There are 2 protein chains.
Amino acid sequence: MTRTQSLCTLATIAALAAGPGLAHAKLVGKKVSYKQGKVALEGYLAYDDAVTGKRPAVLVVHDWMGISAETRRRVDMLATLGYVALAADVYGKGVRPTTPDAAGKQAGKWKGDRPGLRARVRAALDFLLKRPEADPARSAAMGYCFGGTAALELARSGAPVAGVISFHGGLSTPTPGLTAFKGKLLVLHGADDPHVPPAEVASFEQEAREAGLDWQLIAYGGAVHAFTNPGAGADKSKGAAYDERADRRSWQAMQQFFTELFSAAPSPR
Amino acid sequence: MTRTQSLCTLATIAALAAGPGLAHAKLVGKKVSYKQGKVALEGYLAYDDAVTGKRPAVLVVHDWMGISAETRRRVDMLATLGYVALAADVYGKGVRPTTPDAAGKQAGKWKGDRPGLRARVRAALDFLLKRPEADPARSAAMGYCFGGTAALELARSGAPVAGVISFHGGLSTPTPGLTAFKGKLLVLHGADDPHVPPAEVASFEQEAREAGLDWQLIAYGGAVHAFTNPGAGADKSKGAAYDERADRRSWQAMQQFFTELFSAAPSPR
(Lines give C-alpha, C1' and ligand atoms only; values in the text may rest on other atoms or scores of the structure.)
Protein backbone atom coordinates (compact mmCIF):
# COMPACT_ATOMS: atom_id res chain seq x y z
CA MET A 1 0.00 0.00 0.00
CA THR A 2 1.44 3.32 -1.00
CA ARG A 3 1.03 6.41 1.06
CA THR A 4 1.25 9.98 -0.02
CA GLN A 5 4.31 11.27 1.74
CA SER A 6 3.27 14.91 1.78
CA LEU A 7 3.80 15.03 5.52
CA CYS A 8 3.38 18.49 6.89
CA THR A 9 3.68 19.68 10.42
CA LEU A 10 0.60 21.75 11.00
CA ALA A 11 1.35 23.22 14.34
CA THR A 12 3.57 23.01 17.33
CA ILE A 13 1.40 23.59 20.30
CA ALA A 14 2.19 23.78 23.95
CA ALA A 15 1.22 20.66 25.81
CA LEU A 16 -1.78 21.18 28.08
CA ALA A 17 0.09 19.73 31.02
CA ALA A 18 3.55 21.29 31.09
CA GLY A 19 5.33 18.57 32.99
CA PRO A 20 8.85 17.26 32.43
CA GLY A 21 9.11 15.35 29.19
CA LEU A 22 5.93 16.98 27.90
CA ALA A 23 7.60 20.10 26.60
CA HIS A 24 5.70 20.35 23.33
CA ALA A 25 3.18 18.40 21.38
CA LYS A 26 3.75 18.16 17.65
CA LEU A 27 0.64 17.82 15.59
CA VAL A 28 1.17 15.88 12.40
CA GLY A 29 -1.45 16.06 9.65
CA LYS A 30 -1.06 14.47 6.23
CA LYS A 31 -2.85 13.04 3.26
CA VAL A 32 -2.81 9.25 3.16
CA SER A 33 -3.61 6.96 0.27
CA TYR A 34 -5.43 3.69 0.74
CA LYS A 35 -7.76 1.49 -1.26
CA GLN A 36 -11.12 -0.21 -1.19
CA GLY A 37 -10.57 -3.16 -3.48
CA LYS A 38 -8.97 -1.55 -6.52
CA VAL A 39 -10.40 1.92 -5.94
CA ALA A 40 -7.89 4.56 -4.88
CA LEU A 41 -8.97 6.65 -1.89
CA GLU A 42 -7.24 9.57 -0.21
CA GLY A 43 -7.90 10.30 3.44
CA TYR A 44 -6.44 12.76 5.91
CA LEU A 45 -4.66 11.49 9.01
CA ALA A 46 -3.58 13.42 12.11
CA TYR A 47 -1.93 12.57 15.39
CA ASP A 48 0.31 14.08 18.02
CA ASP A 49 3.86 13.00 17.25
CA ALA A 50 4.95 13.72 20.84
CA VAL A 51 2.65 10.96 22.10
CA THR A 52 4.31 7.58 22.24
CA GLY A 53 2.60 4.27 21.94
CA LYS A 54 -0.75 3.23 20.62
CA ARG A 55 -3.72 5.45 21.33
CA PRO A 56 -7.47 5.39 20.70
CA ALA A 57 -8.37 5.80 17.03
CA VAL A 58 -11.23 7.91 15.69
CA LEU A 59 -12.58 7.68 12.17
CA VAL A 60 -14.28 10.82 10.84
CA VAL A 61 -16.63 10.69 7.88
CA HIS A 62 -17.01 13.91 5.89
CA ASP A 63 -20.22 15.71 5.02
CA TRP A 64 -21.67 15.91 1.50
CA MET A 65 -18.81 18.14 0.29
CA GLY A 66 -16.26 15.35 0.78
CA ILE A 67 -13.04 15.89 2.74
CA SER A 68 -12.77 19.66 3.16
CA ALA A 69 -10.83 22.16 5.24
CA GLU A 70 -13.58 21.78 7.85
CA THR A 71 -13.13 18.00 7.91
CA ARG A 72 -9.39 18.38 8.33
CA ARG A 73 -9.92 20.92 11.10
CA ARG A 74 -11.96 18.40 13.07
CA VAL A 75 -9.38 15.66 12.50
CA ASP A 76 -6.68 18.01 13.78
CA MET A 77 -8.81 18.86 16.83
CA LEU A 78 -9.11 15.16 17.63
CA ALA A 79 -5.35 14.78 17.29
CA THR A 80 -4.78 17.59 19.77
CA LEU A 81 -7.00 15.66 22.20
CA GLY A 82 -4.55 12.77 21.91
CA TYR A 83 -6.34 10.53 19.42
CA VAL A 84 -5.12 9.32 16.08
CA ALA A 85 -7.80 10.42 13.68
CA LEU A 86 -8.50 9.70 10.03
CA ALA A 87 -10.87 11.42 7.67
CA ALA A 88 -12.35 8.65 5.53
CA ASP A 89 -12.68 9.30 1.82
CA VAL A 90 -16.02 7.96 0.66
CA TYR A 91 -16.11 9.59 -2.77
CA GLY A 92 -12.71 8.48 -4.09
CA LYS A 93 -9.34 10.09 -4.73
CA GLY A 94 -9.75 13.29 -6.71
CA VAL A 95 -13.55 13.27 -6.41
CA ARG A 96 -14.09 16.53 -4.58
CA PRO A 97 -17.36 18.32 -5.33
CA THR A 98 -17.05 22.09 -5.52
CA THR A 99 -20.73 23.01 -5.72
CA PRO A 100 -23.76 22.02 -3.64
CA ASP A 101 -25.26 20.48 -6.76
CA ALA A 102 -22.26 18.24 -7.33
CA ALA A 103 -22.11 17.43 -3.62
CA GLY A 104 -25.76 16.47 -3.62
CA LYS A 105 -25.21 14.10 -6.51
CA GLN A 106 -22.30 12.38 -4.76
CA ALA A 107 -24.07 12.14 -1.42
CA GLY A 108 -27.23 10.92 -3.13
CA LYS A 109 -25.32 8.26 -5.02
CA TRP A 110 -23.85 6.82 -1.83
CA LYS A 111 -27.01 7.18 0.24
CA GLY A 112 -28.65 5.13 -2.50
CA ASP A 113 -25.99 2.43 -2.23
CA ARG A 114 -25.76 1.52 1.43
CA PRO A 115 -23.72 -1.67 0.92
CA GLY A 116 -21.24 0.37 -1.09
CA LEU A 117 -21.22 3.12 1.53
CA ARG A 118 -20.58 0.64 4.31
CA ALA A 119 -17.71 -0.89 2.34
CA ARG A 120 -16.09 2.50 1.70
CA VAL A 121 -16.23 3.47 5.37
CA ARG A 122 -15.05 0.05 6.47
CA ALA A 123 -12.01 0.28 4.20
CA ALA A 124 -11.05 3.53 5.93
CA LEU A 125 -11.55 1.99 9.35
CA ASP A 126 -9.42 -1.01 8.48
CA PHE A 127 -6.68 1.30 7.21
CA LEU A 128 -6.82 3.39 10.39
CA LEU A 129 -6.73 0.43 12.74
CA LYS A 130 -3.56 -0.86 11.08
CA ARG A 131 -1.72 2.41 11.66
CA PRO A 132 1.17 2.07 14.13
CA GLU A 133 -0.34 4.89 16.25
CA ALA A 134 -3.71 3.17 16.59
CA ASP A 135 -4.92 0.87 19.33
CA PRO A 136 -7.46 -1.27 17.47
CA ALA A 137 -9.10 -2.26 20.77
CA ARG A 138 -10.05 1.38 21.37
CA SER A 139 -11.71 2.89 18.34
CA ALA A 140 -14.74 4.94 17.39
CA ALA A 141 -16.33 6.37 14.27
CA MET A 142 -18.13 9.66 13.84
CA GLY A 143 -19.40 11.81 11.06
CA TYR A 144 -21.08 15.02 10.07
CA CYS A 145 -24.36 15.27 8.13
CA PHE A 146 -23.91 12.71 5.32
CA GLY A 147 -20.98 11.38 7.33
CA GLY A 148 -23.21 10.84 10.37
CA THR A 149 -25.44 8.70 8.20
CA ALA A 150 -22.37 6.83 6.98
CA ALA A 151 -21.07 6.27 10.53
CA LEU A 152 -24.44 4.82 11.53
CA GLU A 153 -24.28 2.48 8.53
CA LEU A 154 -20.90 1.35 9.82
CA ALA A 155 -22.61 0.56 13.12
CA ARG A 156 -25.39 -1.34 11.35
CA SER A 157 -22.73 -3.41 9.59
CA GLY A 158 -21.48 -4.57 12.98
CA ALA A 159 -18.05 -3.00 12.61
CA PRO A 160 -15.75 -3.54 15.62
CA VAL A 161 -15.72 0.02 16.98
CA ALA A 162 -16.47 0.79 20.62
CA GLY A 163 -18.67 3.74 19.75
CA VAL A 164 -20.30 5.69 16.95
CA ILE A 165 -21.34 9.33 16.96
CA SER A 166 -23.55 11.15 14.49
CA PHE A 167 -23.38 14.94 14.35
CA HIS A 168 -26.59 16.18 12.66
CA GLY A 169 -26.64 13.07 10.48
CA GLY A 170 -29.63 11.67 8.68
CA LEU A 171 -30.92 8.77 10.76
CA SER A 172 -33.01 6.85 8.25
CA THR A 173 -31.88 3.80 6.33
CA PRO A 174 -33.47 1.45 3.82
CA THR A 175 -32.00 -1.44 5.80
CA PRO A 176 -32.64 -0.81 9.50
CA GLY A 177 -31.15 -3.17 12.02
CA LEU A 178 -28.55 -2.44 14.67
CA THR A 179 -28.39 -5.84 16.33
CA ALA A 180 -24.99 -6.64 14.83
CA PHE A 181 -23.45 -3.63 16.57
CA LYS A 182 -21.78 -4.24 19.93
CA GLY A 183 -20.68 -0.69 20.72
CA LYS A 184 -22.36 2.44 22.07
CA LEU A 185 -24.23 5.06 20.05
CA LEU A 186 -24.43 8.80 20.55
CA VAL A 187 -26.67 10.89 18.31
CA LEU A 188 -26.20 14.66 18.42
CA HIS A 189 -29.24 16.21 16.81
CA GLY A 190 -30.46 19.70 16.00
CA ALA A 191 -34.00 19.80 17.37
CA ASP A 192 -35.08 22.11 14.52
CA ASP A 193 -33.24 20.26 11.75
CA PRO A 194 -35.70 20.11 8.83
CA HIS A 195 -33.58 17.44 7.14
CA VAL A 196 -33.95 15.08 10.12
CA PRO A 197 -37.60 15.46 11.10
CA PRO A 198 -39.20 14.07 14.29
CA ALA A 199 -40.60 10.98 12.56
CA GLU A 200 -37.09 10.05 11.42
CA VAL A 201 -35.77 10.51 14.95
CA ALA A 202 -38.57 8.36 16.34
CA SER A 203 -37.87 5.59 13.81
CA PHE A 204 -34.19 5.62 14.68
CA GLU A 205 -34.89 5.48 18.40
CA GLN A 206 -37.12 2.49 17.79
CA GLU A 207 -34.39 0.81 15.75
CA ALA A 208 -31.88 1.34 18.57
CA ARG A 209 -34.42 0.24 21.18
CA GLU A 210 -35.17 -3.00 19.37
CA ALA A 211 -31.43 -3.75 19.17
CA GLY A 212 -31.08 -3.37 22.94
CA LEU A 213 -28.19 -1.01 22.36
CA ASP A 214 -26.52 1.45 24.69
CA TRP A 215 -27.67 4.60 22.93
CA GLN A 216 -28.17 8.27 23.72
CA LEU A 217 -29.68 11.09 21.75
CA ILE A 218 -29.14 14.74 22.58
CA ALA A 219 -31.53 17.23 21.01
CA TYR A 220 -30.23 20.81 20.90
CA GLY A 221 -33.03 23.34 20.95
CA GLY A 222 -32.85 25.95 18.21
CA ALA A 223 -30.19 24.09 16.23
CA VAL A 224 -30.71 23.15 12.59
CA HIS A 225 -28.75 21.04 10.10
CA ALA A 226 -24.96 21.47 9.95
CA PHE A 227 -24.89 23.17 13.36
CA THR A 228 -21.20 22.39 13.89
CA ASN A 229 -20.03 23.96 10.63
CA PRO A 230 -19.01 27.63 10.79
CA GLY A 231 -19.18 27.69 6.99
CA ALA A 232 -22.91 27.01 7.06
CA GLY A 233 -23.69 30.62 7.87
CA ALA A 234 -26.14 32.05 10.36
CA ASP A 235 -29.49 31.97 8.56
CA LYS A 236 -31.45 29.20 10.25
CA SER A 237 -34.40 29.76 7.95
CA LYS A 238 -32.38 27.98 5.27
CA GLY A 239 -32.48 24.81 7.36
CA ALA A 240 -28.71 24.59 7.74
CA ALA A 241 -26.69 27.03 9.85
CA TYR A 242 -23.89 27.22 12.35
CA ASP A 243 -24.88 27.25 16.03
CA GLU A 244 -21.97 28.07 18.31
CA ARG A 245 -23.76 26.83 21.42
CA ALA A 246 -24.72 23.46 19.96
CA ASP A 247 -21.27 23.13 18.39
CA ARG A 248 -19.55 23.64 21.73
CA ARG A 249 -21.93 21.40 23.65
CA SER A 250 -21.81 18.59 21.13
CA TRP A 251 -18.00 18.64 21.14
CA GLN A 252 -18.10 18.38 24.94
CA ALA A 253 -20.56 15.50 24.70
CA MET A 254 -18.24 13.79 22.25
CA GLN A 255 -15.30 14.17 24.62
CA GLN A 256 -17.27 12.78 27.54
CA PHE A 257 -18.41 9.86 25.39
CA PHE A 258 -14.84 9.09 24.34
CA THR A 259 -13.61 9.34 27.91
CA GLU A 260 -16.21 6.81 28.93
CA LEU A 261 -15.45 4.55 25.95
CA PHE A 262 -11.71 4.54 26.28
CA SER A 263 -11.07 4.90 30.02
CA ALA A 264 -13.49 2.43 31.49
CA ALA A 265 -12.69 -1.16 32.12
CA PRO A 266 -14.27 -3.47 29.56
CA SER A 267 -17.74 -4.51 30.65
CA PRO A 268 -20.69 -6.29 29.09
CA ARG A 269 -23.25 -3.88 27.78
CA MET B 1 -38.91 33.36 60.08
CA THR B 2 -37.90 30.59 62.44
CA ARG B 3 -35.45 27.93 61.50
CA THR B 4 -35.03 24.52 62.95
CA GLN B 5 -31.63 24.64 64.55
CA SER B 6 -30.97 20.92 64.40
CA LEU B 7 -27.68 21.51 62.72
CA CYS B 8 -25.73 18.39 62.21
CA THR B 9 -22.39 17.93 60.60
CA LEU B 10 -22.83 15.05 58.23
CA ALA B 11 -19.32 14.42 57.10
CA THR B 12 -15.88 15.82 57.08
CA ILE B 13 -14.45 15.06 53.70
CA ALA B 14 -11.09 15.70 52.18
CA ALA B 15 -11.12 18.63 49.82
CA LEU B 16 -10.75 17.60 46.20
CA ALA B 17 -7.89 20.02 45.67
CA ALA B 18 -5.49 19.68 48.57
CA GLY B 19 -3.97 23.12 48.37
CA PRO B 20 -2.96 25.40 51.24
CA GLY B 21 -5.99 26.64 53.13
CA LEU B 22 -8.13 23.89 51.65
CA ALA B 23 -7.21 21.27 54.19
CA HIS B 24 -10.71 19.85 54.68
CA ALA B 25 -14.19 20.57 53.50
CA LYS B 26 -16.93 20.37 56.10
CA LEU B 27 -20.29 19.35 54.79
CA VAL B 28 -23.17 20.82 56.73
CA GLY B 29 -26.66 19.37 56.28
CA LYS B 30 -29.68 20.43 58.31
CA LYS B 31 -33.41 20.71 58.37
CA VAL B 32 -34.66 24.24 57.83
CA SER B 33 -38.10 25.65 58.47
CA TYR B 34 -39.68 28.22 56.21
CA LYS B 35 -43.16 29.23 55.16
CA GLN B 36 -45.36 29.77 52.16
CA GLY B 37 -47.83 32.32 53.44
CA LYS B 38 -48.92 30.82 56.74
CA VAL B 39 -48.11 27.24 55.84
CA ALA B 40 -45.14 25.71 57.66
CA LEU B 41 -42.67 23.91 55.41
CA GLU B 42 -39.53 21.99 56.29
CA GLY B 43 -36.72 21.71 53.78
CA TYR B 44 -33.23 20.27 53.92
CA LEU B 45 -30.23 22.52 53.33
CA ALA B 46 -26.61 21.57 52.72
CA TYR B 47 -23.40 23.42 51.96
CA ASP B 48 -19.69 23.15 52.48
CA ASP B 49 -18.80 25.13 55.56
CA ALA B 50 -15.15 25.40 54.47
CA VAL B 51 -16.19 27.48 51.45
CA THR B 52 -16.28 31.17 52.14
CA GLY B 53 -18.44 33.69 50.39
CA LYS B 54 -21.57 33.37 48.33
CA ARG B 55 -21.82 30.49 45.90
CA PRO B 56 -24.28 29.25 43.28
CA ALA B 57 -27.53 28.00 44.76
CA VAL B 58 -29.42 24.90 43.61
CA LEU B 59 -32.99 24.11 44.54
CA VAL B 60 -33.95 20.43 44.48
CA VAL B 61 -37.56 19.33 44.31
CA HIS B 62 -38.33 15.88 45.68
CA ASP B 63 -40.12 13.03 43.93
CA TRP B 64 -43.61 11.82 44.86
CA MET B 65 -42.39 10.44 48.21
CA GLY B 66 -41.57 13.93 49.50
CA ILE B 67 -38.18 14.75 51.01
CA SER B 68 -36.52 11.38 51.59
CA ALA B 69 -33.08 9.98 52.35
CA GLU B 70 -32.54 9.90 48.58
CA THR B 71 -33.44 13.60 48.29
CA ARG B 72 -31.05 14.49 51.09
CA ARG B 73 -28.32 12.39 49.48
CA ARG B 74 -28.60 14.45 46.29
CA VAL B 75 -28.57 17.71 48.22
CA ASP B 76 -25.43 16.58 50.03
CA MET B 77 -23.83 15.62 46.71
CA LEU B 78 -24.51 19.11 45.37
CA ALA B 79 -22.96 20.60 48.51
CA THR B 80 -19.81 18.55 47.99
CA LEU B 81 -19.61 20.06 44.50
CA GLY B 82 -19.48 23.49 46.12
CA TYR B 83 -23.09 24.60 45.78
CA VAL B 84 -25.51 25.58 48.50
CA ALA B 85 -28.48 23.30 47.93
CA LEU B 86 -31.97 23.16 49.36
CA ALA B 87 -34.53 20.41 49.14
CA ALA B 88 -37.86 22.19 48.75
CA ASP B 89 -40.79 20.88 50.73
CA VAL B 90 -43.86 20.89 48.53
CA TYR B 91 -46.13 18.79 50.71
CA GLY B 92 -45.79 20.66 54.01
CA LYS B 93 -44.05 20.09 57.33
CA GLY B 94 -44.84 16.65 58.68
CA VAL B 95 -46.55 15.53 55.46
CA ARG B 96 -44.33 12.62 54.53
CA PRO B 97 -46.06 9.81 52.65
CA THR B 98 -44.88 6.35 53.62
CA THR B 99 -46.65 4.29 50.97
CA PRO B 100 -46.87 4.60 47.18
CA ASP B 101 -50.61 5.05 47.55
CA ALA B 102 -50.22 8.00 49.91
CA ALA B 103 -47.44 9.42 47.74
CA GLY B 104 -49.63 9.15 44.66
CA LYS B 105 -52.40 11.07 46.40
CA GLN B 106 -50.05 13.89 47.40
CA ALA B 107 -48.36 14.11 44.01
CA GLY B 108 -51.75 13.96 42.29
CA LYS B 109 -53.09 16.75 44.46
CA TRP B 110 -50.26 19.07 43.56
CA LYS B 111 -50.11 18.08 39.90
CA GLY B 112 -53.78 19.04 39.83
CA ASP B 113 -53.04 22.44 41.35
CA ARG B 114 -50.28 23.97 39.25
CA PRO B 115 -50.62 27.50 40.64
CA GLY B 116 -50.32 26.06 44.15
CA LEU B 117 -47.36 23.91 43.09
CA ARG B 118 -45.59 26.90 41.56
CA ALA B 119 -46.15 28.90 44.75
CA ARG B 120 -44.78 26.13 46.96
CA VAL B 121 -41.62 25.79 44.89
CA ARG B 122 -41.20 29.54 44.62
CA ALA B 123 -41.37 29.91 48.40
CA ALA B 124 -38.49 27.45 48.71
CA LEU B 125 -36.50 29.30 46.05
CA ASP B 126 -37.03 32.64 47.77
CA PHE B 127 -35.91 31.13 51.07
CA LEU B 128 -32.79 29.64 49.45
CA LEU B 129 -31.79 32.84 47.68
CA LYS B 130 -31.88 34.76 50.95
CA ARG B 131 -29.47 32.38 52.61
CA PRO B 132 -26.10 34.00 53.42
CA GLU B 133 -24.31 31.24 51.47
CA ALA B 134 -26.32 31.85 48.30
CA ASP B 135 -25.48 34.07 45.37
CA PRO B 136 -28.94 34.97 44.06
CA ALA B 137 -27.48 35.91 40.68
CA ARG B 138 -26.34 32.31 40.19
CA SER B 139 -29.15 29.88 40.85
CA ALA B 140 -30.81 26.87 39.35
CA ALA B 141 -33.67 24.52 40.12
CA MET B 142 -33.90 20.81 39.47
CA GLY B 143 -36.11 17.94 40.43
CA TYR B 144 -36.76 14.24 40.20
CA CYS B 145 -39.91 12.66 38.76
CA PHE B 146 -42.73 14.73 40.33
CA GLY B 147 -40.04 17.24 41.28
CA GLY B 148 -38.92 17.53 37.66
CA THR B 149 -42.47 18.47 36.77
CA ALA B 150 -42.45 20.98 39.61
CA ALA B 151 -39.13 22.50 38.51
CA LEU B 152 -40.51 22.95 35.00
CA GLU B 153 -43.57 24.71 36.46
CA LEU B 154 -41.15 27.03 38.23
CA ALA B 155 -39.63 27.79 34.82
CA ARG B 156 -43.08 28.40 33.31
CA SER B 157 -43.76 30.88 36.11
CA GLY B 158 -40.78 32.91 34.94
CA ALA B 159 -38.82 32.46 38.16
CA PRO B 160 -35.39 34.17 38.15
CA VAL B 161 -33.20 31.09 37.97
CA ALA B 162 -30.44 30.72 35.41
CA GLY B 163 -31.33 27.14 34.65
CA VAL B 164 -33.80 24.35 35.29
CA ILE B 165 -33.18 20.61 35.05
CA SER B 166 -35.72 17.82 35.03
CA PHE B 167 -34.57 14.29 35.87
CA HIS B 168 -37.19 11.86 34.50
CA GLY B 169 -39.90 14.39 35.20
CA GLY B 170 -43.32 14.46 33.65
CA LEU B 171 -43.24 17.11 30.92
CA SER B 172 -46.93 17.83 30.40
CA THR B 173 -48.84 20.71 31.91
CA PRO B 174 -52.39 22.00 31.71
CA THR B 175 -50.97 25.50 31.24
CA PRO B 176 -48.15 25.33 28.69
CA GLY B 177 -46.10 28.41 28.03
CA LEU B 178 -42.42 28.98 28.69
CA THR B 179 -42.06 32.49 27.28
CA ALA B 180 -41.77 34.06 30.73
CA PHE B 181 -38.64 32.02 31.46
CA LYS B 182 -35.29 33.66 30.73
CA GLY B 183 -33.00 30.80 31.75
CA LYS B 184 -31.81 27.59 30.14
CA LEU B 185 -33.55 24.21 30.25
CA LEU B 186 -32.08 20.74 30.41
CA VAL B 187 -34.37 17.71 30.28
CA LEU B 188 -32.86 14.34 31.20
CA HIS B 189 -35.21 11.68 29.98
CA GLY B 190 -35.41 7.91 30.05
CA ALA B 191 -36.11 6.93 26.46
CA ASP B 192 -38.21 3.96 27.63
CA ASP B 193 -40.06 5.81 30.39
CA PRO B 194 -43.70 4.71 30.11
CA HIS B 195 -44.79 7.58 32.34
CA VAL B 196 -43.35 10.15 29.93
CA PRO B 197 -44.33 8.82 26.50
CA PRO B 198 -43.05 10.13 23.16
CA ALA B 199 -46.11 12.30 22.52
CA GLU B 200 -45.50 14.08 25.83
CA VAL B 201 -41.85 14.64 24.93
CA ALA B 202 -42.87 16.01 21.52
CA SER B 203 -45.39 18.41 23.09
CA PHE B 204 -42.80 19.67 25.53
CA GLU B 205 -40.24 20.20 22.79
CA GLN B 206 -42.81 22.20 20.85
CA GLU B 207 -43.55 24.29 23.95
CA ALA B 208 -39.84 25.04 24.40
CA ARG B 209 -39.42 25.70 20.68
CA GLU B 210 -42.25 28.21 20.60
CA ALA B 211 -40.73 30.04 23.56
CA GLY B 212 -37.42 30.41 21.72
CA LEU B 213 -35.64 29.02 24.75
CA ASP B 214 -32.16 27.64 25.14
CA TRP B 215 -33.17 24.04 25.76
CA GLN B 216 -31.65 20.59 25.50
CA LEU B 217 -33.11 17.13 25.91
CA ILE B 218 -31.03 14.03 26.46
CA ALA B 219 -32.74 10.70 25.88
CA TYR B 220 -31.03 7.75 27.58
CA GLY B 221 -31.66 4.52 25.72
CA GLY B 222 -32.92 1.69 27.89
CA ALA B 223 -33.71 3.93 30.85
CA VAL B 224 -37.18 4.04 32.40
CA HIS B 225 -38.81 6.20 35.06
CA ALA B 226 -36.84 6.98 38.25
CA PHE B 227 -33.57 5.97 36.58
CA THR B 228 -31.47 7.95 39.10
CA ASN B 229 -32.97 6.31 42.18
CA PRO B 230 -31.16 3.23 43.51
CA GLY B 231 -34.25 2.50 45.58
CA ALA B 232 -36.34 1.97 42.46
CA GLY B 233 -34.97 -1.53 41.95
CA ALA B 234 -33.79 -3.23 38.80
CA ASP B 235 -36.99 -4.49 37.16
CA LYS B 236 -37.51 -2.24 34.16
CA SER B 237 -40.70 -4.07 33.23
CA LYS B 238 -42.35 -2.21 36.11
CA GLY B 239 -41.73 1.08 34.30
CA ALA B 240 -39.56 2.52 37.06
CA ALA B 241 -36.08 1.23 37.83
CA TYR B 242 -32.57 2.33 38.64
CA ASP B 243 -30.13 2.60 35.71
CA GLU B 244 -26.55 3.12 36.85
CA ARG B 245 -25.40 4.23 33.42
CA ALA B 246 -28.11 6.85 32.94
CA ASP B 247 -27.69 7.97 36.54
CA ARG B 248 -23.98 8.57 36.07
CA ARG B 249 -24.38 10.25 32.70
CA SER B 250 -27.21 12.50 33.79
CA TRP B 251 -25.23 13.65 36.81
CA GLN B 252 -22.32 14.48 34.51
CA ALA B 253 -24.68 16.38 32.19
CA MET B 254 -25.97 18.30 35.19
CA GLN B 255 -22.45 19.27 36.21
CA GLN B 256 -21.58 20.42 32.72
CA PHE B 257 -24.79 22.43 32.57
CA PHE B 258 -24.02 24.10 35.91
CA THR B 259 -20.46 24.84 34.85
CA GLU B 260 -21.79 26.57 31.78
CA LEU B 261 -24.49 28.43 33.74
CA PHE B 262 -22.28 29.66 36.53
CA SER B 263 -18.87 30.11 34.96
CA ALA B 264 -19.69 31.92 31.75
CA ALA B 265 -19.90 35.65 31.48
CA PRO B 266 -23.48 36.88 31.32
CA SER B 267 -24.69 36.95 27.77
CA PRO B 268 -27.99 37.47 25.99
CA ARG B 269 -29.55 34.20 25.10
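Quantities reported herein were computed from a predicted structural model and do not represent experimental measurements. Residue numbering restarts at 1 for every chain, and letters A, B, ... go by the order of the sequence lines. Quick note: numbers below take in every heavy atom, side chains included, and nothing from hydrogens, waters or symmetry partners.
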Self-check item: Carboxylate-amine/guanidinium proximity below 4.0 Å for R55(A) and D48(A)
Solution: no
Quiz item: For chain B, which residues from residues 144-166 of chain A have at least one heavy atom closer than 4.5 Å to it?
Solution: none
Practice problem: Would you indicate whether the side-chain heavy atoms of Y47(A) and Y83(A) approach each other to under 4.5 Å? | Solution: no
Exercise. Determine whether V224(B) and D243(B) make a side-chain contact, defined as any pair of heavy atoms from C-beta on separated by less than 4.5 Å.
Key: no
Quiz item: By number, which residues in residues 188-197 of chain B have some heavy atom less than 4.5 Å away from chain A?
Solution: A191(B), D192(B)
Self-check item: Set of residues satisfying side-chain contact (heavy atoms from CB on, under 4.5 Å) with respect to R73(B), sequence neighbours excluded
Solution: E70(B), M77(B), P230(B)
Quiz item: Do we see a donor-acceptor contact under 3.5 Å between the side chains of Q252(B) and Q256(B)?
Solution: no
Quiz item: Does M142(A) reach the side chain of L59(A), with side-chain heavy atoms less than 4.5 Å apart?
Solution: no
Exercise. Could I get the full list of side-chain contact (heavy atoms from CB on, under 4.5 Å) partners for A79(B), not counting sequence neighbours?
Key: L27(B), A46(B)
Practice problem: Determine whether the side chains of Y242(B) and D247(B) contain a donor N or O and an acceptor N or O closer than 3.5 Å. | Solution: yes
Quiz prompt | Rounded distance [0.5 Å steps], CZ in F262(A) versus CZ in F257(A) | solution = 8.0 Å
Quiz item: Would you call R249(A) and D214(B) a salt bridge, taking side-chain N to carboxylate O under 4.0 Å as the test?
Solution: yes
Quiz item: Is it the side chain or the backbone of Q216(A) that comes within 4.5 Å of chain B heavy atoms, both, or neither?
Solution: both
